[in-house]
Asker: 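First the structure, which I've put down as structure tokens, then a few questions once you've had a look.
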Amino acid sequence: LANPSGQSSEWGKGFPHIAEWMETMFGEEQLPYEQAWLAYAYANAYAGKPRRGHAQFLVGPPNSGKTFYNTFLLAKLFGGHIKASEFLIGKTDFNSHLFEYGLWTVDDEAPSARASTHISFTSKIKEFVANPEFLCNTKFKKAVRIEWDGRLSITLNDDTVSLRLMPDMDMSIRDKLMVFKCHQFKKFDLGFRKRAEAEIPHFAQWLIDYETPKELAELRFGVKAYINPEISDMLSSDGRYSHIQELLDVFRKNYFEEDGEEQQVLGMGLEAPSLEGSPVVVPFGRQGQEPMDHQEPLVLSNDDSCGSLK
């Protein structure tokens with residue numbers, strides 16, 4: 001791990017280039033979450049008591065500095081990094097070499113077209129964040145379970161194809177992620193790396209001294225999860241169940257009174273009115289199949305959402 005300078009200071013003092021880089025890349029709204037996530041990870045690791053934390057996704061345009069942030073700044077703080085893409089996307093089950101590092105990275109990996117691969121990737125991300133022990137596989141040796149509390153940081157371009165590598169947001173994983181929209185930093189030059197490297201001890205000291213604000217603190221992972229709203233909207237529109245959401249939204253808009261008078265539709269399965277006002281039933285199971293006794297009704301209300309289950 002990087003050694004702190006031992007000289008406490010305020011944000012940016014002693015590390016102006018790193019501070020400006022992070023301020024530009026993360027922006028005013030996101031920066032406090034990244035500061036809190038990074039300080040919690042580094043300070044506990046430096047104290048010899050690493051704690052579990054969120055998986056981080058850095059999403060932005062090409063040449064925005066997100067990969068350099070992973071492989072230089074974070075790697076310097078955590079004593080190096082290792083690419084974990086082959087294990088996380090299922091190309092190999094051997095992972096013993098990964099546990100020698102505290103930081104795993106994935107850099108703009110091409111997403112798989114197979115749904116099973118994506119589900120497996122999502123499950124591994126959840127396991128990475130939530131579990132204190134992992135199965136360690138070495139060639140020609142018996143697998144063993146080991147404790148590991150490192151961090152995972154993944155970079156993605158912000159196009160729709162690259163975003164398909166994001167975990168499946170329908171699998172109760174949102175509370176385990178930090179997803180940032182990265183903005184381009186345009187002040188990189190041939191001397192930037194050297195200047196930033198000289199500032200790392202001062203930045204490390206600031207991380208040691210950092211106190212998480214109450215509004216960002218959380219017991220389980222130290223910091224509250226964060227998902228950039230724009231990225232979240234893009235993921236929702238391309239999710240596995242987005243077509244159902246769109247269908248419900250169409251029904252809602254065409255059924256409820258234009259004057260805003262509150263109405264409700266109750267039904268089993270997916271039951272909603274047609275455009276002419278007569279009921280239409282689209283069953284999830286076989287046509288004509290009776291709903292089970294414990295099945296809850298779907299409630300569509302005249303509000304800003306497409307519907308809710310009550």
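These figures come from a predicted structure and were not determined experimentally. Residue numbers start at 1 and run along the sequence shown.
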Asker: Determine yes or no for a side-chain-to-main-chain donor-acceptor pair under 3.5 angstrom, with Trp206 supplying the side chain and Ser8 the backbone.
Answerer: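 Checked: no pair found.
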
Asker: Which residue is it: Arg52, Glu218, Arg151? I am looking for the one with a side-chain contact (heavy atoms from CB on, under 4.5 Å) to Tyr40.
Answerer: Arg151

Asker: Could you tell me if the ring centre of Tyr69 sits under 6.0 Å from that of Phe26?
Answerer: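 Ring-ring flag for Tyr69/Phe26: true, centres closer than 6.0 Å.
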
Asker: Please indicate whether Phe221 has more than 12 foreign heavy atoms, meaning atoms of other residues, nucleotides or ligands, lying under 6.0 Å from its CZ.
Answerer: yes

Asker: Is the Lys NZ or Arg CZ of Lys187 less than 6.0 Å from the centre of Phe192's six-membered ring, within 45° of the axis?
Answerer: no

Asker: Output yes when Arg195 and Asp189 qualify as a salt bridge under the 4.0 Å nitrogen-oxygen rule, no when they do not.
Answerer: yes

Asker: Going by atom types only, do Gln56 and Tyr226 share a side-chain donor-acceptor pair under 3.5 Å?
Answerer: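 Side-chain D/A pair, Gln56 to Tyr226: absent.
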
Asker: Are side-chain N/O atoms of Gln30 and Asn228 paired as donor and acceptor at under 3.5 Å?
Answerer: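 Distance-only check passes for Gln30 and Asn228.
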
Asker: Please check if atom CD in Glu211 has more than 12 non-hydrogen atoms from other residues, nucleotides or ligands closer than 6.0 Å.
Answerer: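 No.
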
Asker: Do His202 and Gln7 have a side chain donor and acceptor closer than 3.5 Å?
Answerer: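 Looking only at side-chain atoms, Gln7 and His202 do not form any donor-acceptor pair under 3.5 Å.
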
Asker: Please check this pair: side chain of Thr71 against backbone of Thr67, looking for a donor-acceptor N/O pair closer than 3.5 Å.
Answerer: yes

Asker: Look only at the side chain of Asn157 and the backbone of Asp159, and say whether a donor-acceptor pair between them is shorter than 3.5 Å.
Answerer: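 No; zero donor-acceptor contacts below 3.5 Å.
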
Asker: Salt bridge or not for Glu230 and Lys181, using N-O below 4.0 Å?
Answerer: yes

Asker: Are Phe188 and Trp21 near enough that their ring centres are under 6.0 Å apart?
Answerer: yes

Asker: Look at the rings of Phe134 and Phe128 and say which category their plane angle falls in: under 30° parallel, 30 to 60° tilted, over 60° perpendicular.
Answerer: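 Judged by the thresholds at 30° and 60°, the geometry between Phe134 and Phe128 is tilted.
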
Asker: Within the side chain of Gln205, is there an N or O that forms a donor-acceptor pair under 3.5 Å with the backbone of Gly6?
Answerer: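 Here the side-chain-to-backbone pair exists.
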
Asker: Under a 3.5 Å threshold, yes or no: a donor from one side chain and an acceptor from the other, between Asp107 and Thr155?
Answerer: yes

Asker: May I ask you to decide if Ala2's main-chain N or O and Tyr42's side chain share a donor-acceptor pair within less than 3.5 Å?
Answerer: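 Present.
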
Asker: Examine the side chains of Trp148 and Glu100 and answer whether a donor and an acceptor come within less than 3.5 Å of each other.
Answerer: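 No, because no side-chain N or O of Trp148 sits under 3.5 Å from a partner of the opposite role on Glu100.
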
Asker: Would you check if the side chain of Asn95 reaches a backbone N or O of Asn137 as a donor-acceptor pair within less than 3.5 Å?
Answerer: yes

Asker: Taking atom CG of Asp93 as the centre, report whether more than 12 heavy atoms of other residues, nucleotides or ligands fall under 6.0 Å from it.
Answerer: no

